Amino acid sequence: TIINVIIPDSVEVIGERAFSGCFFLREVSLGNSVKIIKEFAFKDCKALLELKLPESLEEIGLMAFSYTSLKEIVLPKSLLKITGNPIVYNKVKFVNNSPNFTVENENLFTKNKRVLISFQSNVTSYIIPKSVVAISGYAFSKCSSLQTIELPISMKSINKSMFSGCSSLKNILIPSSVTRIGRAAFYQCKSFKEIIIPKSVQYIDRLAFRYCRNLKAVYIPDSVKRIG
């Protein structure tokens, strides 16, 4: 059982799933040379309450801190890139010191608010800013309080697991700009009853509506070239 970890200064990369499943890990001291924390690096470290990110850090991978007990993530000034939502919805507070990102109403965006990276607001309804053209995979994952959402007309894709586990989301209007619905995009959206897919959509990936147990009707246009 791993409880404490000290990463030496010689380490520059924390690999994909490096500590995934270390359920009892409580303390991690990251060395001052760590530049990259890869995807799912600390996934399911449920006892992890705090993690100080070093000033050397340049990149954080998708779901790097998912299913931990972190309540605050301080983004260092050195941070250049976040490849996807680093943590599922847990009312996490982002403290941003990087010029490359911005935080608005607890939600994390790229600096110019073109990409919504992580949604952490404790609200039942949300209108995504018109400046947003893309939303990261898993961005709203496990946001069980969200009931309604308005998507921007500029977005091209509903990415992987974007709304997975949004169990209270009742309906969603998919913009006519969307061409792809990603893998597990609406996985376990248990409150869905009807989905109308616009004529712009060409691809619906696997598990897109898996476990939407109350879904009674899905209207699929002729424009769809592939399902699954």
Side-chain angles (χ1 to χ4, degrees), residues 1-121 129 131-143 159-162 164:
T1 300
I2 300 175
I3 297 176
N4 304 304
V5 171
I6 298 175
I7 308 294
D9 289 344
S10 59
V11 174
E12 294 188 354
V13 178
I14 307 297
E16 184 175 336
R17 301 182 187 272
F19 297 97
S20 179
C22 293
F23 303 116
F24 302 103
L25 183 62
R26 289 199 301 250
E27 295 181 13
V28 177
S29 177
L30 294 174
N32 293 322
S33 299
V34 173
K35 294 182 179 181
I36 300 172
I37 299 176
K38 291 200 170 184
E39 294 184 359
F40 304 99
F42 294 95
K43 180 179 181 288
D44 290 321
C45 294
K46 298 182 186 299
L48 190 61
L49 294 170
E50 294 182 24
L51 182 64
K52 183 179 179 181
L53 302 179
E55 290 299 327
S56 57
L57 189 65
E58 297 178 358
E59 180 179 325
I60 298 174
L62 174 71
M63 294 277 98
F65 314 117
S66 56
Y67 303 105
T68 64
S69 294
L70 295 177
K71 287 295 185 180
E72 181 176 281
I73 297 176
V74 180
L75 305 178
K77 185 178 180 180
S78 57
L79 192 63
L80 302 174
K81 184 179 180 181
I82 301 176
T83 62
N85 186 6
I87 190 165
V88 296
Y89 181 79
N90 198 27
K91 301 176 186 175
V92 174
K93 179 182 179 182
F94 287 106
V95 178
N96 180 43
N97 294 316
S98 170
N100 302 300
F101 303 94
T102 188
V103 177
E104 182 182 90
N105 299 323
E106 290 82 49
N107 304 319
L108 179 63
F109 299 83
T110 52
K111 179 185 176 181
N112 53 15
K113 287 177 66 176
R114 301 275 284 174
V115 180
L116 171 56
I117 300 170
S118 182
F119 182 84
Q120 298 291 333
S121 290
S131 60
V132 171
V133 296
I135 302 173
S136 294
Y138 292 86
F140 292 86
S141 184
K142 297 294 182 181
C143 184
N159 289 323
K160 181 179 179 180
S161 297
M162 187 183 293
S164 61

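Quick caveat, the model's predicted, so the values are computed rather than measured.
Atom OH of Y138 and atom NZ of K160 lie 4.0 Å apart (nearest 0.5 Å). One distance of note links OG of S29 with CD1 of I6; it measures 6.0 Å at 0.5 Å rounding. Atom CD of E50 and atom CD of E72 lie 8.5 Å apart (nearest 0.5 Å). Here CD of E27 is found 9.0 Å from CG of L25. Values are rounded to the nearest 0.5 Å. Between I2 atom CD1 and N4 atom CG the span is 10.0 Å, to the nearest 0.5 Å. A distance of 11.5 Å separates CD1 of I36 from CD1 of I60, quoted to the nearest 0.5 Å.
Between the side chains of S121 and N107, at least one donor N or O sits under 3.5 Å from an acceptor N or O. There is a side-chain donor-acceptor pair under 3.5 Å between Q120 and S118. In the model, T110 has a side-chain atom that pairs as donor or acceptor with a side-chain atom of N112 under 3.5 Å.
Counting heavy atoms from C-beta outward, E106 and K91 have side chains that stay 4.5 Å or more apart. Contact check for L51 versus T68: no side-chain heavy atoms found under the 4.5 Å cut-off. Counting heavy atoms from C-beta outward, F109 and S131 have side chains that stay 4.5 Å or more apart.
Under a 3.5 Å cut-off, the side chain of N96 and the backbone N or O of F101 do form a donor-acceptor pair. Judged purely by atom type and a 3.5 angstrom limit, S56 uses its side chain to pair as donor or acceptor with the backbone of N32. With hydrogens and angles disregarded, a donor-acceptor distance shorter than 3.5 Å links the side chain of T83 to the backbone of L62. Between the side chain of S66 and the backbone N or O of M63, at least one donor-acceptor pair lies under 3.5 Å. Using modelled atom types, one side-chain atom of K71 and one backbone atom of N90 make a donor-acceptor pair closer than 3.5 Å.
The nearest pair of heavy atoms linking A41 to I14 is CB-CG2, 4.0 Å. For the residue pair S20 and F40, the shortest heavy atom distance occurs at CB-O, 3.7 Å. Residues L30 and P54 come closest through the heavy atom pair CD1-CD, 3.7 Å. Scanning all heavy atoms of the two residues, the minimum distance from N85 to I117 falls at CB-O, 3.3 Å. What you find for I135 and N159 is that their closest heavy atoms are O-ND2, 2.7 Å. Summarising the geometry of S164 relative to S161, their closest heavy-atom pair is OG-O, 3.1 Å, with the distance given to 0.1 Å.
Around CG of L80, the count of heavy atoms belonging to other residues, nucleotides or ligands within 6.0 Å exceeds 12. Residue E55 qualifies as enclosed at atom CD: its count of foreign heavy atoms under 6.0 Å is above 12. When the shell of 6.0 Å around NZ of K46 is examined, it contains more than 12 heavy atoms from other residues, nucleotides or ligands.
Between F42 and F65, the two ring planes are parallel [angle under 30°; tilted spans 30° to 60°].
If you run side-chain contact (heavy atoms from CB on, under 4.5 Å) between L79 and each of V74, N97, L53, L57, only L57 comes through.
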